[in-house]
Q: 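Quick one: the structure is below, questions incoming.
For this chain, numbers begin at 1 and follow the sequence in order. In listed order, ligands and their atoms are each counted from 1.
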Amino acid sequence: MKHTIFITGSSRGIGKAIALYLAKQGYDLVLHCRSQKMQAEAVIAEIEKLGQSARLLQFDIGDRAQCAEQISHDIETHGAYYGVVCNAGITADNAFPALTGEEWDSVIHTNLDSFYNVLQPVIMPMIRRRKPGRIVTLSSVSGIMGNRGQVNYSAAKAGIIGATKALALELAKRDITVNCVAPGLIATEMLDELSSDVIQMEEIKKLIPARRIGDPKEVAAAVAFLMSEDAAYITRQVISVNGGLC
Ligand code: NDP
């Protein structure tokens, strides 16, 4: 039987790259988006061309009730997942004195509360499969080092690392690995605002030992390895994909 992997935020950016990479490796996929349904459907079409099957879930990962209802319904209909990639996330950057309550709350709800909202409904069905399973979360260099203008985002992404390591301890004896991938600067829409400032971008590249921005496929490759059967003895780890930034 083919393994099924659920990837949040797979309509574009890193999530889309992960979906296509995993499809090429023979996994069936459950894609997910909040608003960009047409983009997600285009990703499904690409996956189907690769000979894999994919279906789409659409909900806000910050909404606990929606997550529980939609994920549980999908599992009841199609069976428990082999793997989950908690990828969806947002930024709302501002210097801390100017950071609004809304900017703090939206980033914490979407990036950190979603760890609980998405994973809580999938865990018991995954355990009941009594087979190996894989969970990969997406943190960020910002969660490891802290980044100016991103106190909210750094807090959420550091929280994801703690939650990932704790869950890994709980699930290790069940053959379910739980790891985190922490990207540096990767070329997606999330970087658009930064990329439009050519001078600032050149300054940022000087800080990256590899002297370039990463490609989403380079993050996808790390996630795909952690999803593979060969990665069975790797759990509770944070793998950075950041050109040597930290
Ligand atoms: P993008 O902005 O390109 O894509 C974000 C994805 O998340 C989209 O699929 C979007 O869905 C989905 N999403 C956003 N908010 C919600 C929500 N509330 N509910 C459900 N889905 C949501 O982001 P990236 O691909 O750049 O980032 C992917 C992950 O990698 C994030 O966790 C990010 O923090 C992390 N990361 C990214 C870095 C970078 O440089 N790009 C660096 C370090 C970490 P929709 O299309 O429907 O809006």
Q: Nearest to atom 24 (P) of ligand 1, what protein heavy atom do you find, and at what distance?
A: Thr188 OG1, 3.6 Å
Q: Mind checking whether Lys37 contacts ligand 1 via backbone (N, CA, C, O), side chain (CB onward), both or neither, at a 4.0 Å heavy-atom cut-off?
A: neither
Q: Suppose we screen for salt bridge (Lys or Arg N to Asp or Glu O under 4.0 Å). Which residues come up paired with Glu218, at least two apart in sequence or across chains?
A: Arg212
Q: Enumerate the atoms of ligand 1 whose separation from the nearest heavy atom of Cys33 is less than 4.0 angstrom.
A: 47 (O)
Q: Can you tell me the protein heavy atom closest to atom 10 (C) of ligand 1 and the distance?
A: Arg12 NH2, 3.7 Å
Q: Taking Ala168's backbone N and O only, do any of them form a donor-acceptor pair with Thr235's side chain (distance below 3.5 Å, no angle check)?
A: no
Q: Residue-level breakdown please: for Lys16 versus ligand 1, do any non-hydrogen atoms fall below 4.0 Å on the side chain, on the backbone, on both, or on neither?
A: neither
Q: Heavy-atom pairs closer than 4.0 Å: do any link ligand 1 to the side chain of Tyr153, the backbone, both, or neither?
A: side chain
Q: Side chain, backbone, both or neither: which part of Ile61 has a heavy atom under 4.0 Å from ligand 1?
A: both
Q: For atom 47 (O) of ligand 1, what's the nearest protein heavy-atom neighbour? Residue, atom name and distance, please.
A: Ser35 N, 2.6 Å
Q: Between Leu167 and Leu119, is there a side-chain heavy-atom distance shorter than 4.5 Å?
A: yes
Q: Do Arg12 and Gln36 pass the side-chain contact (heavy atoms from CB on, under 4.5 Å) test, and can you show the C-alpha distance, the side-chain angles, and the key distance before you say yes or no?
A: CA-CA 8 Å; Arg12 55 199 166 92; Gln36 303 294 323; 3.9 Å; yes
Q: Any heavy atom of Gln58 sitting closer than 4.0 Å to ligand 1?
A: no
Q: Please find out if less than 6.0 Å separates the ring center of His32 from that of Phe59.
A: yes
Q: Is it the side chain (CB and beyond), the backbone, both or neither of Asp60 that lies under 4.0 Å from ligand 1, heavy atoms counted?
A: both
Q: Would you say Tyr21 and Ile135 are hydrophobically clustered, going by side-chain heavy atoms of ILVMFWY under 4.5 Å?
A: no
Q: I want to confirm something. Looking only at heavy atoms, which of Leu31, Thr137, Asn87 is nearest to atom 31 (C) of ligand 1?
A: Asn87
Q: Enumerate the ring-ring contact (aromatic ring centres under 6.0 Å, His included) contacts for residues 202-246, please, sequence neighbours excluded, ordered by first and then second residue.
A: none
Q: Roughly how far apart are Ser114 OG and Ile90 CD1, rounded to 0.5 Å?
A: 9.5 Å
Q: Return the closest protein heavy atom for atom 40 (O) of ligand 1 as residue, atom name and distance.
A: Ile186 N, 2.9 Å
Q: Side chains of Gln52 and Asp28 only: does a donor on one sit below 3.5 Å from an acceptor on the other?
A: yes
Q: So, does Thr91 use its side chain to make a donor-acceptor pair with the main chain of Asp93 at under 3.5 Å?
A: no
Q: Please list the nearest protein heavy atom to atom 15 (N) of ligand 1 with its residue and the distance rounded to 0.1 Å.
A: Ile90 CG2, 3.4 Å
Q: Does even one non-hydrogen atom of Gln39 get within less than 4.0 Å of ligand 1?
A: no
Q: Hey, is ligand 1 close enough to Gln36 that some N/O pair sits below 3.5 Å?
A: yes
Q: Does some non-hydrogen atom of Ser139 fall short of 4.0 Å from ligand 1?
A: yes
Q: Give the residue, atom name and distance (to 0.1 Å) of the protein heavy atom nearest atom 42 (C) of ligand 1.
A: Gly184 O, 2.8 Å
Q: For atom 8 (C) of ligand 1, what's the nearest protein heavy-atom neighbour? Residue, atom name and distance, please.
A: Ser11 OG, 3.6 Å
Q: Regarding Gln66 and Asp60, is there a side-chain donor-to-acceptor distance under 3.5 Å anywhere?
A: no
Q: Are side-chain N/O atoms of Gln237 and Asn179 paired as donor and acceptor at under 3.5 Å?
A: no
Q: Output yes when the distance from some N or O of ligand 1 to some N or O of Ile14 is under 3.5 Å, and no in every other case.
A: yes
Q: I want to confirm something. Looking only at heavy atoms, which of Gly13, Gly89, Gly15 is nearest to atom 5 (C) of ligand 1?
A: Gly89
Q: Under 4.0 Å from a heavy atom of Phe59: which atoms of ligand 1 are those, numbered in the order shown and with their elements?
A: 19 (N), 20 (C)
Q: What's the spacing between Glu41 CD and Glu48 CD if we round to 0.5 Å?
A: 10.5 Å
Q: With heavy-atom distances below 4.0 Å as the criterion, list the atoms of ligand 1 near Leu185.
A: 40 (O)
Q: Give the numbers and elements of all ligand 1 atoms closer than 4.0 Å to a heavy atom of Ala88.
A: 7 (O), 12 (C), 13 (N), 21 (N), 22 (C), 32 (O)
Q: Where the side chain of Arg211 meets the backbone of Ile208, is there a donor-acceptor pair that is under 3.5 Å apart?
A: yes
Q: Which of the atoms of ligand 1 are close to His32, meaning less than 4.0 Å from one of its heavy atoms?
A: 20 (C), 21 (N)
Q: Do the non-hydrogen side-chain atoms of Tyr82 and Lys131 ever get within less than 4.5 Å of each other?
A: no
Q: Tell me, which protein residue and heavy-atom name are nearest atom 23 (O) of ligand 1, and how many Å apart are they?
A: Met190 CE, 3.8 Å
Q: Below 4.0 Å from ligand 1: does a non-hydrogen atom of Ala40 turn up there or not?
A: no
Q: Please determine if Gly9 has a nitrogen or oxygen closer than 3.5 Å to a nitrogen or oxygen of ligand 1.
A: yes
Q: Is it true that the side chains of Asp113 and His109 contain a donor and an acceptor less than 3.5 Å apart?
A: yes
